[in-house]
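Worksheet: the structure to be examined is printed underneath.
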There are 2 protein chains.
Amino acid sequence: MGRPARVSPDRILAVAALEFAERGFAGARVDRIARRAKVNKAMLYYHFKSKQHLYHALLRRMFSLAAARLQTVAASNAPPADKVDRALAGIAAFIEEHAFFPAIMMREIAEGGAHLDRETLQTLSAVPRAFAAIVQEGVISGAFRPVHPFFAYFNMLAPIVFFQAAAPIRREITHLHVLDLGGASPADFVRHMQDATRRLLARDAGPARKSTS
Amino acid sequence: MGRPARVSPDRILAVAALEFAERGFAGARVDRIARRAKVNKAMLYYHFKSKQHLYHALLRRMFSLAAARLQTVAASNAPPADKVDRALAGIAAFIEEHAFFPAIMMREIAEGGAHLDRETLQTLSAVPRAFAAIVQEGVISGAFRPVHPFFAYFNMLAPIVFFQAAAPIRREITHLHVLDLGGASPADFVRHMQDATRRLLARDAGPARKSTS
DNA sequence: GTCTATACTTCGATAGAC
DNA sequence: GTCTATCGAAGTATAGAC
């Protein structure tokens, strides 16, 4: 839509996202990114100083977008339970719009955050912070029972990211008839997680605690 | 313990597990594995035909061990709710014994199962199958409400794997004072997930469904 | 079974012309 | 800003002596 945009760092970033998601940082090939983005490799290095810088720029952008979306939900004045539902839906929508993101995120976690500088971590941390704020608001108002906000965050985020990232393996497993997963859609799973999260936070009496570790 | 075990493919596998977990398949260096295992690189290639074969052997062993453990729980004759608790505890224990495993698993998922042949997939599939059997038993007996067994599987497994794999990043975030995670232990989180899974499956009335997507 | 030395390849990055 | 050509490092894998 804008001007011609000759080389377009944006196009490089879009292609790099796919490459990093498919192969990881170490497996990603700068040559391939340049080719797929239809820019000369030297041009890529002109816009982004190195493979690392390119990766950094990508992560910062993604975390920033995700955090902004959750912050919007948190800042609204809906009831806490609705905010939680919307936060889940917002994350699911974000992932649908950026299908490459779960894979990158999972790799980055597995990597121990080796490619996260302080600034990127700061941006990233806004995501759990926004969600935790929603939970805490509900706990304080009495709408939710007391639950560790960051436990709730991991509890709701991990399955969604996992489920989306595992799509290729699920297809493979289904295709090889190794296991029947009962074919349910990502949208179904998001609804499941909304339900699960509501049950997790609900005030009414759950089953009695009974340790068996 | 055993005999002298001069080169010991086991030691190579143990070291390879760490290397693959830390750097991923593409990032792993055969030189480094050989050096850390204190074997000559040519010796490594003598025991394992290639980097791929080494990785395959490792994955099959891990999936096989994990599946066996869950199958033991599923085959016991405890009540379904207890089996679920024990399944969670068993997975947590497995991860504690093999701390490198979550990272490898997350990378493999992100990779789209690029390194999983049919045999490995078959072994892997025994894990969700065992857990699904527990859930289904509970649903049929009326102990649980009807829940998609594989949704429940993802719902309980992903957070545990995530939480463990994210330990380095959590440490980094805490250390840089970017975010206060309220310092809770992995054991606390496992208990949280046992509780959450019980609430997910519990028969008593949860909050009414109310979509907000 | 074990080692040294090295062949062969690929990759990240840059020099330098235009 | 854009390209071609290439350097130097690093990596997988193997040949061949012992």
For residues 27-42 of chain A, which residue pairs qualify under side-chain hydrogen bond (donor to acceptor under 3.5 Å, both in side chains), counting only residues two or more places apart or in two chains? A/Glu19-A/Arg32, A/Glu19-A/Arg36, A/Asp31-A/Lys41
Rounding to an integer number of Å, can you tell me how far B/Arg35 CZ sits from D/dA10 P? 13 Å
Gap between atoms CD1 and P, on A/Ile12 and C/dG12 respectively (whole Å): 15 Å
Rounded interatomic separation in angstrom, taking NE2 from A/His53 and P from C/dA13: 10 Å
Across nucleotides 13-18 of chain D, 5' to 3', mark each nucleotide with B, S or - according to how protein heavy atoms within less than 4.0 Å reach it. BBB---
Sequence neighbours left out, cut at 3.5 Å: what donor-acceptor pairs do the side chains of residues 170-183 of chain B make with other protein atoms?
{"residue": "B/Arg170", "atom": "NH1", "partner": "B/Phe163", "partner atom": "O", "Å": "2.4"}
{"residue": "B/Thr174", "atom": "OG1", "partner": "B/Arg170", "partner atom": "O", "Å": "2.9"}
{"residue": "B/Asp180", "atom": "OD1", "partner": "B/Gly182", "partner atom": "N", "Å": "3.0"}

Whole angstrom is fine here: how far is it from CE in A/Met43 over to P in D/dT2? 4 Å
Counting just side-chain N and O atoms, does A/Arg29 come under 4.0 Å of either OP1 or OP2 of C/dG12? yes
Give one of base, sugar-phosphate or nothing for B/Ala28, where a contact means two heavy atoms less than 4.0 Å apart. sugar-phosphate
Partner residues of B/Arg60 under the salt bridge (charged side-chain N to carboxylate O under 4.0 Å, His left out) criterion, sequence neighbours left out: B/Asp117, B/Glu119
Pairs in or reaching into residues 90-103 of chain A: which pass salt bridge (Lys or Arg N to Asp or Glu O under 4.0 Å), with residues at least two apart or in two chains? A/Arg69-A/Glu97
For A/Thr72, the side-chain contact (heavy atoms from CB on, under 4.5 Å) test, sequence neighbours excluded, returns none
Is the ring centre of B/His148 less than 6.0 Å from the ring centre of B/Phe151? yes
d(CZ, B/Phe48; P, D/dT12) in whole Å: 16 Å
